[in-house]
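The structure under discussion appears below in the form of structure tokens.
Chain letters run A, B, ... following the sequence lines, proteins first and then strands; every chain starts at 1.
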Amino acid sequence: MKKVFIEGAISPTFISDSIAKHSLKKDIGAHSIFLGQVRNDHLRGKEVVAIEYSAYQEMAEEKFHEIRENMFAKYQLNCLHIYHSLGKVNAGEISLFVFTSSAHRKEAIEACQEMVEKIKNEVPIWGKELFTGEDYEWKINKL
Amino acid sequence: MKKVFIEGAISPTFISDSIAKHSLKKDIGAHSIFLGQVRNDHLRGKEVVAIEYSAYQEMAEEKFHEIRENMFAKYQLNCLHIYHSLGKVNAGEISLFVFTSSAHRKEAIEACQEMVEKIKNEVPIWGKELFTGEDYEWKINKL
Amino acid sequence: MEIIVLFFGHLTDITGESKLKIWDTKDTNELINLMSKKYPGINDMKYSIAINKVIIHENCILKDADVVALLPAFSGG
Amino acid sequence: MEIIVLFFGHLTDITGESKLKIWDTKDTNELINLMSKKYPGINDMKYSIAINKVIIHENCILKDADVVALLPAFSGG
């Protein structure tokens, strides 16, 4: 099964390395990428400085695998990669990287978008928003 | 006016540098990226080895500017970047890079997708598909 | 018969632990009753229940070595 | 009165040039007639017409220093 979880933030270099690897796949015409970045939201006068991610890792990995299989069945994709952070990711850093590739743009774009929704709604991952000081709040995903 | 055209292919490093610059904008929660990659299509038994892009550059730059303005009016965007190649781009290399950023995913994703359609349909750029040998064919965009 | 119970996210704030073992519990209803007595705070929370990594939607019979996970609303991404 | 005419993409295969100057042409209809005589091949092609970088949809009067561009279907991206 493909590795999905990454300890800490996902670096821009990791992303460009992943893009570069696709230059040998010359039947690809379109890549769609979604990146989730940690926002410094302000709540109750305090600022989010980081999110600490935890997961029910075994279940999440099975779920990622299942979603991937469904995506390949539904869309004409050449590639589909998903990476999600575990542990602490600071505001401004990237915690989610979804990457779909296809011959034509429509398939890549739609698959990427659907993938992001599924990750947010169906995968057992939790974010704990850490504020300045010791305070924290469990993240709630908006639709 | 922002520079859009890049001579030759767009490198993965250029893309990661662009992503990295956004880590200081901590109110961003979502990035959506579209990359157009040159496909080695096979036509009449010949293979596309590169696309040579040309443009009515002054008009294209005005059009890019106008589309950008419309996007910022329509969507809650923090950033919007567009880069398009001019000249020769080999199969497997990237010729289009559209990058939208927003607090929430919906706006970033929709704006990126609309932007790509507008670039393909409304901007005076032409691709000449170069085959093995001296042969070529003018590219036709599919809907 | 031994059952493993896992807690995640917000629930661990209430339980103070992420894993425990219980014995001789016939189904998930009974398990949840037990947990509610041990950790009254979880009654105020919304969560899903998974047995062996599959979310269930009704009371389910438990068997030896089942892993039951209590999952608050997901918030990945 | 001087008008600049620009050709792009596929059209340049037919015209063999990307830019030319013409004089004393009152409107775009007259200009297109002139071009069709000079380069008969362009009659078989679909293209849009822009005056000073703005696409027009009907016959337009031309004035000195106007730049008229003949644009085949775009194929960027």
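Against chain D, no residue from residues 9-27 of chain B qualifies, as none has a non-hydrogen atom under 4.5 angstrom away.
Within the model, atoms NZ of B:Lys128 and OG1 of D:Thr12 stand 6.5 Å from one another, a figure rounded to the nearest 0.5 Å. The distance from atom OH of B:Tyr136 to atom CG of D:Asp13, rounded to the nearest 0.5 Å, is 3.0 Å. For the atom pair D:His10 NE2 and B:Glu137 CD, the distance stands at 9.0 Å (nearest 0.5 Å).
The greatest number of non-hydrogen atom pairs below 4.5 Å with chain B, out of D:Ala50, D:Gly76, D:Ala73, is found for D:Gly76.
In this structure, the portion of B:Tyr53 lying under 4.5 Å from any heavy atom of chain D is its side chain and not its backbone. B:Ala60 does not touch chain D: none of its heavy atoms, backbone or side chain, sits under 4.5 Å away. With a 4.5 Å cut-off on non-hydrogen atoms, B:Leu96 touches chain D through its side chain but not through its backbone. Within the 4.5 angstrom heavy-atom criterion, only backbone atoms of B:Glu122 (N, CA, C, O) approach chain D. Only the side chain of B:Trp138 has a heavy atom closer than 4.5 Å to any heavy atom of chain D. Neither the backbone nor the side chain of B:Tyr83 comes within contact range of chain D, judged by heavy atoms closer than 4.5 Å.
Taking a 6.0 Å sphere around CD1 of B:Ile140, one finds it holds 12 or fewer heavy atoms contributed by other residues, nucleotides or ligands. More than 12 heavy atoms of other residues, nucleotides or ligands sit less than 6.0 Å from atom CD of B:Gln57.
Taking each heavy atom of D:Ser75 and B:Gly127 in turn, the nearest pair found is OG-N, 3.0 Å. Taking every heavy atom of both residues into account, B:Tyr56 and D:Lys53 meet most closely at OH-CG, 3.6 Å. Nearest heavy atom pair, residue D:Leu71 against residue B:Trp126, reads CD2-CH2, 3.7 Å.
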Exercise for the section: Take D:Val54 and B:Glu62 through the side-chain contact (heavy atoms from CB on, under 4.5 Å) test and state the conclusion after the steps. Expected result: CA-CA 10 Å; D:Val54 176; B:Glu62 281 191 17; 5.7 Å; no
